[in-house]
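The basis for the numbers below is simple: all heavy atoms, side chains too, and nothing from hydrogens, waters or symmetry mates.
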Amino acid sequence: MWRNQVFGLSLRVILLTCFSGFVAAPAGNCQVAQTPEKVEPGQHGEHGQKEHHHLHMVLGEEKCDPKFTYEEGPLGPGHWPGLCNTGKMQAPIDIQHAEKLPIYDLKVNYQPADLDIINDCNQYRILVKFPDNYWLTVGKKPYFLSELHFREPGENAVKGKRPRMSIQFVHFSPEGVFLIIEVPVVAGKENPVIKTLWEQIPAPGKEIKVEGVKINPMDLLPVDRSFYRFPGSLTTPICNEVVAWYVMENPIELSEAQIAEYTKHYHNTARPLQPSNDRPVSGRQ
């Protein structure tokens, strides 16, 4: 137990060091090994199948047997395991202000990919998976885009207000550091990419790959990609504190009908806001 406490403290120190001020620093100075295995792009499994870096679910399907809920009770947020109720760098948070710093932009190079969609009933979300590729860089550091999924409402708040929904783009580096981009959603025009996704949602616990249908995640990012950034955690158990959060300042639009359609599947899937504990929140100058 002592070793685990020391490791947890060391990890928090490393992340806080990486984000304190978080000026453009040499790539590789803030590498933390955690959770995903180190896998080279294009690595193949024992049967010659290209492996996904999806983090929560095997290919195919799962039995719907969730181990946590968003409602109060024995499986609710107050009883989530791991660091969820003991960590000091938990997410989501309410962003009240951000210090403008000369930090690295996100260099996004998303490309169209065959649609691979899951109705992830054990994590209360619709999820789209992406194949191996270094699809984002921060400075010289590459990150895989593993998946995107949806939250209703959005998780991180700005000045006390959460968006109607959000899209979370989950990346990780070969060293195991997560980078999550959260894009707020507001009601407005119908979104053609979302229209395609909603038409293909499988039954709970199921996964489908749709031949001939490609999705470009770039189309789900705002044109102006100004962001807030802070060190935090995953927002589902066990809430490991290994995440660089990038919360977009500007939203994308879904129609009211598209938002309503999503809530037929999942709603109220945002973790309660967590104390910021004086963490640095930064934005680009």
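Using a 4.0 Å cut-off between charged side-chain N and carboxylate O, Lys189 and Glu256 make no salt bridge. Electrostatic pairing of Lys67 and Asp65 counts as a salt bridge here, judged by a charged N lying under 4.0 Å from a carboxylate O. Using a cut-off of 4.0 Å between Lys/Arg side-chain N and Asp/Glu carboxylate O, Lys100 and Glu249 are scored as salt-bridged.
Side-chain atoms of Arg125 do not come within 3.5 Å of backbone N or O of Arg151 as any donor-acceptor pair. The closest donor-acceptor contact from the side chain of Asn277 to the backbone of Lys88 lies under 3.5 Å. Under a 3.5 Å cut-off, the side chain of Arg229 and the backbone N or O of Ala244 do not form any donor-acceptor pair. A donor-acceptor pair under 3.5 Å is absent between the side-chain atoms of Asn156 and the main chain of Ile95, judged by distance alone. The backbone N or O of Met89 sits less than 3.5 Å from a side-chain atom of Glu241, completing a donor-acceptor pair. The backbone N or O of Asn268 lies less than 3.5 Å from a partner atom in the side chain of Glu152, making a donor-acceptor pair. Using modelled atom types, one side-chain atom of Asn85 and one backbone atom of Pro77 make a donor-acceptor pair closer than 3.5 Å. Remark: side-chain polar atoms of Ser255 are paired, donor with acceptor, to backbone N or O of Gln258 under 3.5 angstrom. Side chain of Arg225 to main chain of Val108: no donor-acceptor pair is present (N/O by atom type, distance under 3.5 Å, no hydrogens or angles). Under the 3.5 Å distance criterion, the side-chain polar atoms of Trp198 are left unmatched by any main-chain donor or acceptor of Val193.
Residues Asp116 and Val128 have side chains not in contact (no heavy-atom distance under 4.5 Å, counting atoms from C-beta outward). When side chains are defined from C-beta on, Val243 does not count as touching Leu179, because their heavy atoms never get closer than 4.5 Å. Proximity of Gln111 to Asn216: side-chain heavy atoms (C-beta onward) are nowhere separated by under 4.5 Å. Counting heavy atoms from C-beta on, the side chains of Ser233 and Val242 never come closer than 4.5 Å. Residues Leu221 and Tyr110 form a side-chain contact, since some pair of their non-hydrogen atoms from C-beta on lies under 4.5 Å apart. In this structure, Trp245 and Glu182 have side chains that are in contact, with non-hydrogen atoms separated by less than 4.5 Å. Side-chain contact between His149 and Lys129 is absent, with no heavy atoms from C-beta onward closer than 4.5 Å. Between Cys239 and Trp80 the shortest side-chain heavy-atom distance falls below 4.5 Å.
Annotation: the span from Arg164 atom CZ to Ile259 atom CD1 amounts to 4.0 Å, rounded to 0.5 Å. For the atom pair Glu147 CD and Phe172 CZ, the distance stands at 9.5 Å (nearest 0.5 Å). Interatomic distance, Gln200 CD to Leu115 CG, rounded to the nearest 0.5 Å: 6.0 Å. Note that NE2 of His171 is 9.0 Å distant from CG of Leu148, once rounded to the nearest 0.5 Å. In this structure, CG in Asn109 is found 9.5 Å from CG in Leu136, a value given to the nearest 0.5 Å. Rounding to the nearest 0.5 angstrom, the gap separating the CD1 atom in Ile126 from the CD atom in Glu261 is 10.0 Å.
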Exercise for review: With side chain to side chain contact (heavy atoms under 4.5 Å, CB included) as the test, would you mind laying out the steps for Phe178 and Val170 before giving the verdict?
Suggested key: CA-CA 7 Å; Phe178 288 79; Val170 181; 4.1 Å; yes
Check your understanding: Given Asn122 and Glu62, is the side chain to side chain contact (heavy atoms under 4.5 Å, CB included) satisfied, shown in steps?
Key -> CA-CA 8 Å; Asn122 289 309; Glu62 272 194 347; 2.9 Å; yes
**Study point:** Residue pair Ile167, Ile252: steps toward the side chain to side chain contact (heavy atoms under 4.5 Å, CB included) verdict
**Key:** CA-CA 9 Å; Ile167 306 174; Ile252 67 164; 3.6 Å; yes
Practice item. Report the C-alpha distance between Leu273 and Ile93 in whole Å, list the side-chain angles of each, state the deciding distance to 0.1 Å, and finish with yes or no for side chain to side chain contact (heavy atoms under 4.5 Å, CB included). Key: CA-CA 5 Å; Leu273 294 171; Ile93 64 171; 5.6 Å; no
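Not less than 6.0 angstrom separates the ring centroid of Trp135 from the ring centroid of Phe169. For Tyr262 and Phe150, the gap between ring centers is short of 6.0 Å. Side-chain rings of Phe68 and Tyr124 approach one another, their centers coming within less than 6.0 Å.
Within a 6.0 Å sphere centred on CD of Glu199, other residues, nucleotides and ligands contribute more than 12 heavy atoms. For NE2 of His265, the number of neighbouring non-hydrogen atoms (other residues, nucleotides, ligands) closer than 6.0 Å is greater than 12.
Shown here for Phe130 and Ile215, the closest heavy-atom pair between the two residues is CE2-O, 4.4 Å. Between Pro222 and Val183, the closest heavy-atom pair is CD-CG1, 3.9 Å. When all heavy atoms of Ala270 and Pro153 are compared, the closest pair comes out as CB-O, 3.5 Å. Heavy-atom minimum distance, Gly154 versus Ser166: CA-OG, 3.5 Å. Closest approach of Cys84 and Gln90 over heavy atoms only: CA-OE1, 3.5 Å. For the pair Thr236 and Gln123, the tightest heavy-atom approach, listed with the atom from each and the gap, is OG1-OE1, 3.5 Å.
Counted by atom type alone, Glu99 and Ser282 present zero donor-acceptor pairs between their side chains at under 3.5 Å. Using modelled atom types, one finds a donor on one side chain and an acceptor on the other under 3.5 Å when comparing Tyr266 with Asn119. Counting only N and O atoms by type, the side chains of Ser173 and Glu175 include a donor and acceptor under 3.5 Å apart.
Under the 4.5 Å side-chain heavy-atom criterion for grouping Ile, Leu, Val, Met, Phe, Trp and Tyr, Val158 is not connected to Val186 through any hydrophobic cluster. Cluster annotation: Tyr70 and Ile238 are assigned to distinct hydrophobic clusters (Ile/Leu/Val/Met/Phe/Trp/Tyr, side-chain heavy-atom contacts under 4.5 Å, transitive). Residues Ile201 and Val185 fall within the same hydrophobic cluster, defined by Ile, Leu, Val, Met, Phe, Trp and Tyr side chains chained together at heavy-atom separations under 4.5 Å.
Here the rule is side-chain hydrogen bond (donor to acceptor under 3.5 Å, both in side chains) with Thr235, and of Gln274, Gln168, Glu155 only Glu155 fits it.
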